[in-house]
Amino acid sequence: MSLEIQDLAWGHPQPGGGWRQLFNGFNLSCPTGQFVVVIGSNGSGKSTLLNLVAGTLRAGAGSVRLEGRELVRLPEHRRARSIGRVMQNPLDGTAPGLTIAENLRLAEGRRRSLFSPQALLGLHPSRADRRRYAELLETLGLPLADRLDTPVGQLSGGQRQTISLVMASLGEPRLLLLDEHTAALDPRAEATVMELTDRLVARLGTTALMVTHSLEQALRHGDRLLMLQEGRLIGDWSAAERHQFSPASLRELYGNATVQTDPPSIG
Amino acid sequence: MLAIWIGAIDQGLAYAGLALGVYLTLRVLNFADITVDGSFALGGGSAALLLSENVAPPLALLVAVALGALAGTATGLIHTRLGVNDLFAGILTTTGLYSITLRLMGRSNIPLTDLQLALDRLPDLGWGSDGRWLLALLLVVAGLVGLLALGLATDLGLALRAIGNNAVMARSNGISTRRGLTLGIAAGNGLVALAGALVAMYQGFADVTMGIGSLILGLGAVIVGESVLRPRTVPQALVAVVLGSVLFRAMIALALQLGMEPVDLKLATALLLLLALGLGRLRIPGVSEPGGGR
């Protein structure tokens with residue numbers, strides 16, 4: 001298995017007092033190269049799950065293994081050396097004051113320690129870097145190859161998100177985490193980013209977890225569909241099984257899952 | 001008359017390390033670092049102490065840089081490991097540094113009247129000792145700008161710039177923001193301490209209070225330089241900051257020429273900075289926010 005989550009537990013204090021245990025003994029196994037789409041209502045734990053895998057949140061208990069390597073005790077930046085990530089907000093995934101080439105260079109060097117000899121020697125992005133990035137962007141059909149020196153802050157939200165996606169794919173990631181990465185985009189940019197997502201996941205052959213609220217995306221993309229409710233898996237369908245759903249029937253199921261009983265509360 | 005302007009340029013160059021240090025922490029790392037007030041005096045005081053004990057000037061400068069970097073490391077660790085707000089972390093270190101500098105110096109003021117710096121080995125530009133200082137400082141500052149420009153173009157430099165731009169993105173690309181911030185703040189304060197040492201050597205004494213208002217002076221240099229050159233690249237920004245330091249000193253010289261009392265200089269400096277802040281030219285993390293905050 002590429003990604004193995006076992007007995008994951010995580011909770012948080014509630015504003016009015018008490019404790020909400022969102023995940024309690026959560027398990028998930030994903031084979032290498034599987035593109036998993038995760039849906040669920042707000043508060044179901046989709047983004048929290050991604051944050052627990054990425055290390056933005058620390059699990060209370062349990063194990064998260066990526067290709068056999070335990071991640072739970074590693075800080076976020078160490079986990080990021082093998083995890084590519086695209087966030088919901090296009091502003092979060094890139095450094096706006098740095099150019100496209102500089103952002104790509106940072107992502108490409110994700111496996112490098114800050115104080116490694118390679119990080120201290122050589123000026124980057126070099127000509128060779130820039131040639132490589134221009135080729136990559138052209139190969140992916142992105143009309144940004146001639147704008148490598150443009151600060152990313154000057155790009156549109158959709159363009160920033162495509163750069164963020166390309167960045168996540170650099171540096172040989174073992175896992176891609178896509179957290180509602182088209183939620184802030186207009187339909188045209190969303191289609192472009194999703195088309196690029198499919199191509200990059202296929203090209204890398206890496207495991208991917210994509211969280212989305214779009215049921216159309218959930219039915220069209222990925223090899224497996226998961227539905228979360230209150231930190232529990234209430235649906236797990238392969239691509240073939242997923243075809244039983246029409247957008248309307250999935251919406252109905254999704255709607256039923258959204259109508260919740262009171263969240264489990266302790267204390 | 002010319003001597004006044006050459007002297008102003010000399011002072012601007014001597015203070016350039018301060019401006020570059022403030023640029024590194026504030027602009028590159030997005031970290032408002034008040035430690036500079038303490039590390040400037042620490043650099044000046046420690047260098048003056050060593051020079052008064054006949055230690056070779058290059059070694060005295062190196063020790064000053066190392067002590068400044070140590071002060072910056074303290075602020076970095078307080079901020080990143082203990083989670084103390086950036087401004088407060090700097091205030092804590094600066095407060096402690098006052099006693100440390102005074103302990104190091106053994107007294108509040110060290111004169112350097114008999115200092116031999118071998119500046120006469122440099123060619124005479126016809127402007128006497130000020131001209132030789134100009135050459136020496138130009139060499140030092142050019143070296144600093146070159147080193148910084150190269151350093152910020154490496155992967156490590158790129159990582160530091162990413163931390164200041166978007167720490168969330170930096171972490172998600174494998175960069176340790178804790179270590180990066182600490183390293184950057186240490187480097188910034190090393191530069192500031194070097195400026196303190198150079199200023200002490202240039203003016204012929206070090207005083208334990210010489211660091212008061214250093215942050216404002218550094219900010220002033222950054223603002224003036226950026227306003228004049230409007231830099232688009234890192235090397236341009238570094239040159240702009242040095243130019244800003246010289247222009248800032250020239251403005252002070254001009255103010256004195258126009259009859260301003262030296263006692264009013266700090267007020268004039270603060271008002272200039274306030275004007276720049278009000279015009280929205282400068283955004284200081286934790287101090288000023290877009291749209292005026294609330």
Side-chain angles (χ1 to χ4, degrees), chain A residues 50-51 54-56 75-87 89-99 101-126 129 149 151-153 160 163-164 167-168 170-171 173 177 179, chain B residues 23-24 26-31 69 73 76 80-81 83 146-187 226 230-238 282-283 285 290:
Chain A
L50 262 53
N51 285 333
T56 311
E76 184 182 2
H77 74 275
R78 293 278 302 282
R79 298 190 200 191
R81 289 176 191 168
S82 46
I83 297 175
R85 197 170 174 198
V86 186
M87 299 173 207
N89 187 343
L91 301 176
D92 285 342
T94 50
L98 304 189
T99 64
E102 287 168 336
N103 272 279
L104 294 176
R105 175 68 199 174
L106 279 166
E108 196 177 40
R110 73 168 74 239
R111 301 186 82 80
R112 208 169 290 143
S113 157
L114 205 57
F115 299 99
S116 67
Q118 301 102 306
L120 297 166
L121 298 171
L123 307 181
H124 295 287
S126 66
D129 294 333
D149 291 325
V152 170
R160 279 180 83 155
I163 291 298
S164 194
M167 287 169 67
L170 290 172
L177 298 177
D179 189 0
Chain B
Y23 170 79
L24 189 60
L26 187 79
R27 280 284 187 250
V28 174
L29 294 173
N30 205 23
F31 185 91
T73 305
T80 59
R81 302 287 159 176
L147 268 178
L148 271 175
L150 287 175
L152 288 172
T154 62
D155 277 333
L156 174 64
L158 209 52
L160 296 185
R161 292 169 58 206
I163 290 170
N165 248 260
N166 184 348
V168 174
M169 170 270 185
R171 273 193 298 276
S172 69
N173 280 284
I175 297 165
S176 166
T177 48
R178 284 178 166 189
R179 293 172 75 182
L181 262 181
T182 307
L183 175 80
I185 298 166
E226 289 183 345
R230 306 231 170 236
R232 299 176 65 88
T233 64
V234 171
Q236 283 175 12
L238 296 171
L282 180 74
R283 192 173 73 80

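Chain letters run A, B, ... following the sequence lines, proteins first and then strands; every chain starts at 1. If you're wondering where the values come from, they're calculated on a predicted model, not measured in any experiment.
- With a 4.5 angstrom heavy-atom cutoff, L152(B) does not touch chain A via any of its atoms.
- Ranked by non-hydrogen atom pairs under 4.5 Å with chain A, the options A162(B), S172(B), A159(B), S176(B) are led by S176(B).
- Atom CG of N165(B) is separated from atom CG of N103(A) by 8.0 Å, given to the nearest 0.5 angstrom.
- Summarising the geometry of H124(A) relative to L158(B), their closest heavy-atom pair is O-CD2, 4.5 Å, with the distance given to 0.1 Å.
- Interface remark: I83(A) contributes backbone atoms only to the contact with chain B (heavy atom separation under 4.5 Å).
- Looking only at side-chain heavy atoms (C-beta outward), N166(B) and T94(A) stay at 4.5 Å or farther from each other.
- Of the two parts of L170(A), neither the backbone nor the side chain holds a non-hydrogen atom closer than 4.5 Å to a non-hydrogen atom of chain B.
- Minimum heavy-atom separation, G174(B) to A80(A): N-CB, 3.5 Å.
- Neither the backbone nor the side chain of A54(A) comes within less than 4.5 Å of any heavy atom of chain B.
- The closest side-chain heavy-atom distance from R161(B) to L98(A) is below 4.5 Å.
- Shown here are the side chain to side chain donor-acceptor pair (under 3.5 Å) partners of N51(A), two or more places apart in sequence or in another chain: R85(A).
- Closest non-hydrogen pair, I175(B) versus H77(A), comes out as O-CB, 3.3 Å.
- Sequence neighbours left out, the pairs with a member in residues 165-186 of chain B that pass salt bridge (Lys or Arg N to Asp or Glu O under 4.0 Å) are E76(A)-R171(B).
- Of all the listed residues (G93(A), P96(A), G55(A), G109(A)), the one sharing the greatest number of non-hydrogen pairs under 4.5 Å with chain B is P96(A).
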